[in-house]
Peer 1: 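First, the structure itself, so that you have it in front of you.
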Amino acid sequence: MMKIFKRVHLIRTKLYKFSASAHQSTSHLHSNLKPPKANQTLKTYLTSNCNAKAILFFRQLLRHNPSSIDSFSFLFAIQACTKTPFSLEGQQLHANLIKFGFHSVIHLQTSLLNFYSALGNLLYAHHVFDEILSKNTISWTALISAYVVNQKPQKAVELFQKMQMLDVEPDQVTLTVALSACAHLGALEMGEWIHAFVRRKPELMADAGLNNALINMYAKCGEIQTARKLFDSLGEKDVTTWTSMIVGHALHGQANEALGLFGEMEEIKWKNSKNKEEGNRGSSTILPNDVTFIGVLMACSHGGMIEEGKKYYRHMVNYYGLKPREVHFGCMVDLFCRAGLLKEAYNFIIEMPGQANAVIWRTLLGACNINGEIELGEKVKLQLQELEPGYVGDSVAMSNIYAAKGMWDKKVEVRDQIKQLRRAPGCSSIEVASEISEFISGDDDHPLKTEIYEALTYLTISMKAYDYSLQISSLLEF
DNA sequence: TTAGGGTTAG
């Protein structure tokens with residue numbers, strides 16, 4: 001163990017020296033550059049979502065007119081890579097901005113953090129954050145957001161607390177992101193603490209996004225009445241305010257409340273269009289979006305309202321012209337499954353455009369388990385075998401279906417297959433520490449488990465960071 | 001001309 005810590009220390013020292021020397025040698029360069037016209041073009045591509053064109057244009061500048069590139073050009077180019085995202089091009093930009101001496105420009109660093117987060121690469125995102133010398137509220141928020149977006153809410157909350165300890169003042173965006181983490185975790189106490197913090201500052205209380213995040217947090221933490229009270233108290237409501245509340249009611253099985261709110265939303269729209277005909281000015285119209293319909297369909301599904309669900313689905317497509325996404329198909333399958341209409345669910349999956357994902361098939365497999373549908377269950381299991389062959393849960397569900405019907409031979413057969421699956425080694429992220437990695441996976445109750453995990457985490461970060469600095473130098477050609 | 005945001009099936 002000591003050897004690992006020493007190694008980690010050595011790597012960290014090397015990295016620190018690498019990053020410090022880069023800052024010293026090049027940080028003066030960007031300040032002398034004049035803002036070029038080229039940035040206008042880059043920005044136009046970016047706002048019209050022509051991200052590939054933005055990258056190609058940047059490449060042309062780099063090859064033929066590098067003196068016209070400043071830190072703004074890099075910023076727009078990184079943003080173009082983040083939106084799509086373009087993984088390799090973004091990393092090449094990272095390498096090039098180091099070459100240009102822009103690596104300690106905080107706007108670029110924060111943008112890079114966001115880029116790596118969009119790739120799902122939290123190690124690099126965190127490493128870019130570590131390299132920021134004077135971390136501010138925005139860079140902290142970007143890091144916390146990266147962990148939330150990548151489904152690590154616990155880490156996000158820890159960072160939010162660390163930020164407080166370091167006396168970095170959170171703003172409305174930080175609090176919104178932190179509330180999202182609380183909602184994911186069901187961390188009501190922390191959510192309430194944030195609400196109390198918000199109440200003390202009038203400028204925060206006026207922020208629409210923050211209020212929406214509060215409604216969502218209360219609803220997800222089981223405090224649906226508090227959520228509704230807050231919702232009713234808000235004067236200005238946007239589509240997300242309505243959607244958050246509809247989803248909240250739907251999750252609590254309150255289908256009538258959810259659908260009632262959706263009705264109110266549409267009523268405002270009707271009133272407004274009538275006002276328009278009569279030449280009066282009404283309040284601003286709020287159109288439901290595709291997420292609103294996820295809430296509506298969830299309400300129908302949780303409330304066992306099959307016909308209503310089908311009706312709203314048609315309404316979404318035919319009246320609002322919204323294109324259903326995979327998630328909407330999933331809602332419909334869930335709707336049929338909860339009502340025990342497994343054939344309908346299966347037909348819906350077969351007829352939906354594109355390939356159904358594993359989650360959708362798994363919803364049906366779960367329903368087959370509850371309803372003892374062996375034949376259909378086997379058919380669904382074959383699909384899942386294709387999509388995610390190593391997923392043990394599907395085999396467990398299948399073995400339960402057999403067991404419930406007393407088909408013990410079949411059950412034993414599947415159980416044996418599960419054992420085979422488990423024999424495959426778990427994912428060990430670090431080769432050098434494979435021994436420890438295996439040791440942990442075999443002993444969940446080990447008294448030093450936390451310490452070992454900590455050491456492994458540090459080691460992973462350091463190794464990755466080292467590898468990252470090497471990659472940067474090999475990527476300098478763009 | 002700059003960086004970070006909320007709602008999304010199981």
Side-chain angles (χ1 to χ4, degrees), chain A residues 30 34-44 46-47 70-76 78-79 82 102 105-115 117 125 128-129 132 135-146 148-149 170-181 183 207-217 219-220 227 237-248 250-251 288-302 309 324-338 356-367 393:
Chain A
H30 64 276
K34 292 207 167 62
K37 255 190 166 177
N39 290 344
Q40 205 54 50
T41 314
L42 277 170
K43 211 180 167 188
T44 309
L46 197 65
T47 45
D70 65 1
S71 68
F72 289 88
S73 330
F74 270 106
L75 185 76
F76 299 140
I78 295 165
Q79 284 176 337
T82 307
F102 293 144
V105 178
I106 192 162
H107 295 81
L108 290 181
Q109 288 173 303
T110 312
S111 221
L112 276 173
L113 196 171
N114 208 23
F115 162 71
S117 165
V128 171
F129 174 80
I132 301 175
K135 300 165 179 64
N136 60 19
T137 301
I138 297 180
S139 40
W140 272 100
T141 307
L143 184 68
I144 296 169
S145 169
V148 174
V149 166
D171 67 5
Q172 75 281 12
V173 183
T174 324
L175 297 168
T176 305
V177 175
L179 280 169
S180 173
D207 191 276
L210 189 46
N211 279 313
N212 295 342
L214 279 167
I215 291 173
N216 179 50
M217 181 278 295
K220 293 278 161 60
K237 298 182 182 79
D238 63 14
V239 62
T240 309
T241 322
W242 287 92
T243 303
S244 303
M245 201 60 241
I246 290 170
V247 170
L251 285 173
N289 62 21
D290 57 343
V291 187
T292 318
F293 276 98
I294 293 169
V296 169
L297 294 176
M298 270 168 71
C300 296
S301 149
H302 291 193
R325 287 185 285 131
E326 213 170 35
V327 60
H328 297 98
F329 300 132
C331 284
M332 290 307 286
V333 170
D334 190 43
L335 177 82
F336 292 126
C337 284
R338 280 178 198 256
N357 63 26
V359 176
I360 294 180
W361 283 114
R362 205 161 283 140
T363 306
L364 183 53
L365 184 65

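Below, chain A is the first sequence line, B the second, and so on; all start at residue 1. Fair warning: this is a prediction, and the values are worked out from it, not measured in the lab.
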Peer 1: Output the rounded distance in Å from CE (A:Met217) to P (B:dT8).
Peer 2: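 One finds 14 Å between P of B:dT8 and CE of A:Met217, rounded.
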Peer 1: With a 4.0 Å cut-off on heavy atoms, is A:Thr174 in touch with a base, just the backbone sugar-phosphate, or nothing at all?
Peer 2: base
Peer 1: Base, sugar-phosphate or nothing for A:Asp290? Non-hydrogen atoms, less than 4.0 Å.
Peer 2: nothing
Peer 1: Between A:His328 and A:Asp290, is there a donor-acceptor pair closer than 3.5 Å when you use the side chain of the first and the backbone of the second?
Peer 2: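 Answer holds: yes.
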Peer 1: To the nearest Å, how far apart are A:Leu210 CG and B:dG4 P?
Peer 2: 18 Å
Peer 1: Quick one: label A:Ala183 by what it contacts on the DNA or RNA (base, sugar-phosphate, nothing), any heavy atom closer than 4.0 Å.
Peer 2: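 The answer is nothing, as A:Ala183 stays clear of every strand by at least 4.0 Å.
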Peer 1: Which part of the nucleic acid does A:Phe76 contact within heavy-atom distance under 4.0 Å: base, sugar-phosphate only, or nothing?
Peer 2: base
Peer 1: Just the rounded figure in Å: distance from C1' of B:dT2 to CG of A:Leu108.
Peer 2: 8 Å
Peer 1: Rounded to whole angstroms, how far apart are CD on A:Gln172 and C1' on B:dA3?
Peer 2: 14 Å
Peer 1: Nearest to the side chain of A:Ser180, heavy atoms from C-beta on, is which of B:dT7, B:dT2, B:dG4?
Peer 2: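 Among B:dT7, B:dT2, B:dG4, the one nearest the side chain of A:Ser180 is B:dT7.
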Peer 1: Taking side chain to side chain donor-acceptor pair (under 3.5 Å) as the definition, give me every residue that meets it alongside A:Asn211, ordered by chain and number, with sequence neighbours left out.
Peer 2: none
Peer 1: Please state whether the phosphate of B:dA3, meaning OP1 or OP2, lies under 4.0 angstrom from any side-chain nitrogen or oxygen of A:Gln109.
Peer 2: no
Peer 1: Side chain of A:Val247 only, please: which of B:dG4, B:dT8, B:dG5 is the nearest?
Peer 2: B:dT8
Peer 1: When we call it a touch if two heavy atoms are under 4.0 Å apart, what does A:Lys220 touch: a base, just sugar-phosphate, or nothing?
Peer 2: sugar-phosphate
Peer 1: After noting the C-alpha distance and the side-chain angles of A:Thr137 and A:Asp171, does the key distance pass the side chain to side chain donor-acceptor pair (under 3.5 Å) rule?
Peer 2: CA-CA 7 Å; A:Thr137 301; A:Asp171 67 5; 5.7 Å; no
Peer 1: What is the nucleic acid contact for A:Ser244, judged by heavy atoms within less than 4.0 Å: base, sugar-phosphate only, or nothing?
Peer 2: sugar-phosphate
Peer 1: I want to verify a distance call: between B:dT7, B:dA3, B:dT8, whose nearest atom is closest to the A:Val327 side chain?
Peer 2: B:dT8
Peer 1: Consider the side chain of A:Ala142, meaning its heavy atoms from C-beta on, and name the nucleotide among B:dG5, B:dG4, B:dT8 that approaches it most closely.
Peer 2: B:dG4
Peer 1: Within less than 4.0 Å of OP1 or OP2 of B:dA3, is there a side-chain N or O belonging to A:Asn114?
Peer 2: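 Indeed not, no polar side-chain atom of A:Asn114 lies that close.
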Peer 1: Side chain of A:Val291: nearest nucleotide among B:dA3, B:dT7, B:dG5?
Peer 2: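 It is B:dT7.
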Peer 1: If you only use heavy atoms from C-beta on, which nucleotide in B:dG5, B:dT7, B:dA9 is closest to the side chain of A:Ile360?
Peer 2: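 Closest nucleotide among those given: B:dA9.
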Peer 1: Does A:Ser145 use its side chain to pair, donor to acceptor, with the backbone of A:Thr141 at less than 3.5 Å?
Peer 2: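 No.
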Peer 1: Touch check for A:Thr292, heavy atoms < 4.0 angstrom, all strands: base, sugar-phosphate only, or nothing?
Peer 2: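 Since no nucleic acid heavy atom lies under 4.0 Å of A:Thr292, the category is nothing.
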Peer 1: May I ask you to say what A:Asp207 touches in the nucleic acid, namely base, sugar-phosphate or nothing, with a heavy-atom cut-off under 4.0 Å?
Peer 2: base
Peer 1: Nearest-Å distance, CD1 (A:Ile294) to P (B:dT8)?
Peer 2: 8 Å
Peer 1: Taking the side chain of A:Arg325 as heavy atoms from C-beta outward, which of B:dT8, B:dG4, B:dG5 is closest to it?
Peer 2: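 Among the listed nucleotides, the one closest to the side chain of A:Arg325 is B:dT8.
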Peer 1: At 4.0 Å (heavy atoms only), tell me whether A:Thr240 reaches a base, stays on the sugar-phosphate, or touches nothing.
Peer 2: base
Peer 1: So, A:Asn114 versus A:Ser111: side-chain donor-acceptor pair below 3.5 Å or not?
Peer 2: no
Peer 1: Just the rounded figure in Å: distance from P of B:dT2 to CG of A:Leu46.
Peer 2: 11 Å
Peer 1: Considering only B:dG4, B:dT2, B:dA9, which nucleotide approaches the side chain of A:Cys331 most closely?
Peer 2: B:dA9
Peer 1: Whole-Å distance between B:dT7 C1' and A:Trp242 CH2?
Peer 2: 15 Å
Peer 1: For the atom pair OG (A:Ser71) and CZ (A:Phe76), what is the distance rounded to the nearest 0.5 Å?
Peer 2: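 One finds 9.0 Å between OG of A:Ser71 and CZ of A:Phe76.
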Peer 1: If we count only N and O atoms by modelled type, under 3.5 Å, do the side chains of A:Lys220 and A:Asn216 hold a donor and an acceptor together?
Peer 2: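 Side chains of A:Lys220 and A:Asn216: pair found under 3.5 Å.
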Peer 1: For A:Asn216 and B:dT7, give me the distance from atom CG to atom C1', rounded to whole Å.
Peer 2: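 Spelled out: CG on A:Asn216 to C1' on B:dT7 is 6 Å.
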